[in-house]
Amino acid sequence: PAAERPPAPGPGSGPAAALSPAAGKVPQASAMKRSDPHHQHQRHRDGGEALVSPDGTVTEAPRTVKKQIQFADQKQEFNKRPTKIGRRSLSRSISQSSTDSYSSAASYTDSSDDETSPRDKQQKNSKGSSDFCVKNIKQAEFGRREIEIAEQEMPALMALRKRAQGEKPLAGAKIVGCTHITAQTAVLMETLGALGAQCRWAACNIYSTLNEVAAALAESGFPVFAWKGESEDDFWWCIDRCVNVEGWQPNMILDDGGDLTHWIYKKYPNMFKKIKGIVEESVTGVHRLYQLSKAGKLCVPAMNVNDSVTKQKFDNLYCCRESILDGLKRTTDMMFGGKQVVVCGYGEVGKGCCAALKAMGSIVYVTEIDPICALQACMDGFRLVKLNEVIRQVDIVITCTGNKNVVTREHLDRMKNSCIVCNMGHSNTEIDVASLRTPELTWERVRSQVDHVIWPDGKRIVLLAEGRLLNLSCSTVPTFVLSITATTQALALIELYNAPEGRYKQDVYLLPKKMDEYVASLHLPTFDAHLTELTDEQAKYLGLNKNGPFKPNYYRY
Ligand code: NAD
């Protein structure tokens, strides 16, 4: 297809050459790293200095270590098995990224259907292997169907599989992964397998595992240790079972939230001698990596996939634009036309939510702290207000800031009867839900993920997913968007695994822009999109290589 521009043949060398866009031409990684806003931001917060010149080059001041890394406490002994009640209470202290609820609606099974802990079951797949721990291996067939459905919407990973035939850029790679275990992750894992990697996998979230998908993966030989509704103890046990294996040591990490990386740092630091790199997807995990890097404790190169253009500009914006209405509709059956909505935060997620609600005829207000995003909201036609100004009149409040206590008890007290309150940000800190656990308020669970909180005068507010991510808790998210992120992860693994000695140091990097462009190009054929090619004359005029990269690192899209 005209849209697909395969990587230029040429200087790319080694097994990754077929899949990476001319790996040999990859821009110097340090240059990529310096354009990373997160990196700069951290440095500023820690009191360091960074000078940004107009062409985006950043001159770093020497690093100073001021902060100690802080991780959530975790249990490290598994022999004392908690009781059921004990297991629940344990999960309160688990790290935030692991407890943010996340579940696809496409689940055939309820985790309550069998009370026996998977850790107490003896299970084998049809080939006789018991190197896994899932809820019920017999659900594999259902899971396989889910994976096949996901494959239809993940064209780039399927294309990578085809291209890898004969050439295995991940041959010898031993990847230990800790991500949400969904059908889309399964497509990623099976792609990594097709590219030559061996994988062992745990869940990064105690609620998000699709049991039947985990079963399907275990059935096809992937050592998966995950089930929906793990306790904190189970959570760490599963991670440990992935890394603490006789005769097998990981040489690559794919993490979402940083818990796996942290576990290896704490328990098996020697493993890092063999590990070639870490690929991290989440804001939280990336933040932890930058902390390690600042403290001089990062001992392998890491790729920050979260801040890749193909993640941030697609996952955050389009995923939320496509799923906010679904999440609200499934939980409340509400009509959107004419309803007054306030969206807190006009970043990528906020922009997606506002666009979807506006298209449905809602009257949308925006709150912002940043004048640039505020001006964008105004020019996109939204009224910029303070939350206090509209809190009495709105029908829906949506937080998308990544911040804490954006909606306080005072706001909640002033909301009108039946106001719907929900969060689209990563963690459940945006709405002060804890402040609603007071004796004078009554909680009524009216549906799964829907609580009515009732005031003494009879006023009730509708709280969705207890303030956790609405779309990931209550609706499905578009597979095609996840495909873009998953492809970025796969390419980041290939790049780190095959990078020649010295290309990446012990620091956090962004994926080279050329690879971001390649990820996008792999998704264009789905739309029968026809990409224009630069003429020689035009390329010369713009000072570009005809095969990209097409934009400087500081370009904001
Ligand atoms: P962003 O940084 O682009 O946007 C957040 C915006 O909130 C910023 O413009 C910031 O100025 C503003 N803000 C901060 N504090 C505020 C306050 N008190 N009141 C009003 N505005 C405030 O981030 P983003 O990419 O939009 O992501 C936002 C959150 O959503 C993050 O926590 C991210 O992890 C999460 N996220 C969710 C999904 C999802 O599917 N639900 C997808 C991607 C990211």
Side-chain angles (χ1 to χ4, degrees), residues 37-38 40-41 96-97 100-104 180 182 184 204-205 208 256-258 280-288 304-328 342-356 365-378 380 382 384-391 397-408 411 422-432 464-465 467-482 484-485 488 556-557:
H38 195 105
Q40 292 175 16
H41 175 67
Q96 195 105 55
S97 61
D100 279 345
S101 177
Y102 177 115
S103 65
S104 162
H180 298 290
T182 59
Q184 293 84 8
C204 69
N205 179 297
S208 68
D256 183 346
E280 170 58 57
E281 174 181 348
S282 76
V283 182
T284 319
V286 162
H287 181 65
R288 288 167 145 193
N304 163 2
V305 168
N306 177 65
D307 291 308
S308 286
V309 178
T310 39
K311 158 70 171 64
Q312 210 167 52
K313 287 281 167 181
F314 293 85
D315 190 335
N316 302 22
L317 176 69
Y318 297 109
C319 179
C320 296
R321 196 179 76 179
E322 297 260 341
S323 56
I324 177 72
L325 302 180
D326 187 26
L328 286 167
V342 60
V343 175
C344 303
Y346 200 67
E348 299 300 329
V349 172
K351 286 181 176 81
C353 294
C354 287
Y365 301 96
V366 170
T367 73
E368 249 301 340
I369 51 151
D370 175 347
I372 296 177
C373 298
L375 184 59
Q376 285 180 315
C378 293
D380 287 340
F382 299 107
L384 191 88
V385 295
K386 288 188 178 178
L387 191 52
N388 275 335
E389 295 164 16
V390 292
I391 199 69
V397 179
I398 304 170
T399 52
C400 323
T401 68
N403 202 341
K404 65 187 280 201
N405 289 341
V406 176
V407 174
T408 61
H411 294 126
C422 64
N423 168 46
M424 287 286 281
H426 178 76
S427 55
N428 54 355
T429 49
E430 305 212 14
I431 303 163
D432 187 3
L464 304 183
R468 295 197 173 96
L469 275 160
L470 174 74
N471 57 343
L472 299 185
S473 307
C474 306
S475 71
T476 57
V477 289
T479 300
F480 193 81
V481 179
L482 299 180
I484 299 173
T485 308
T488 309
R556 294 186 180 89
Y557 296 88

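Ligands are counted one by one from 1 in listed order, and the atoms in each one are counted from 1 as well.
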Residues in side-chain hydrogen bond (donor to acceptor under 3.5 Å, both in side chains) contact with Thr310, at least two apart in sequence or another chain: Thr488, Asp516
Check whether the side chains of Asn423 and Thr399 place a donor and an acceptor atom closer than 3.5 Å, and report yes or no. yes
Short side-chain donor-acceptor distance under 3.5 Å, His426 and Thr284: yes
Return each pair, listed once, that meets salt bridge (Lys or Arg N to Asp or Glu O under 4.0 Å) where at least one residue sits in residues 316-328; pairs must be two or more places apart or across chains. Asp326-Arg330
Name all residues meeting the ring pair (Phe, Tyr, Trp, His ring centres under 6.0 Å) criterion together with Tyr346; count only those two or more places apart in sequence or in a different chain, and write none if there are none. Phe382
Of Asn316, Val343, Val349, which is the lone residue that meets side chain to side chain contact (heavy atoms under 4.5 Å, CB included) with Met424? Val349
May I have every N or O pair linking ligand 1 to the protein at under 3.5 Å, one per line with atom names and distance?
| unit_1 | atom_1 | unit_2 | atom_2 | d |
| --- | --- | --- | --- | --- |
| ligand 1 | 3 (O) | Glu348 | N | 3.4 |
| ligand 1 | 9 (O) | Glu368 | OE2 | 2.6 |
| ligand 1 | 11 (O) | Glu368 | OE1 | 2.9 |
| ligand 1 | 15 (N) | Asn403 | ND2 | 3.0 |
| ligand 1 | 25 (O) | Asn316 | ND2 | 2.7 |
| ligand 1 | 26 (O) | Glu348 | N | 3.0 |
| ligand 1 | 26 (O) | Val349 | N | 2.9 |
| ligand 1 | 32 (O) | His426 | N | 2.9 |
| ligand 1 | 40 (O) | Asn471 | ND2 | 2.8 |
| ligand 1 | 41 (N) | Met424 | O | 3.0 |
| ligand 1 | 41 (N) | Asn471 | OD1 | 2.9 |
| ligand 1 | 41 (N) | Asn471 | ND2 | 3.3 |

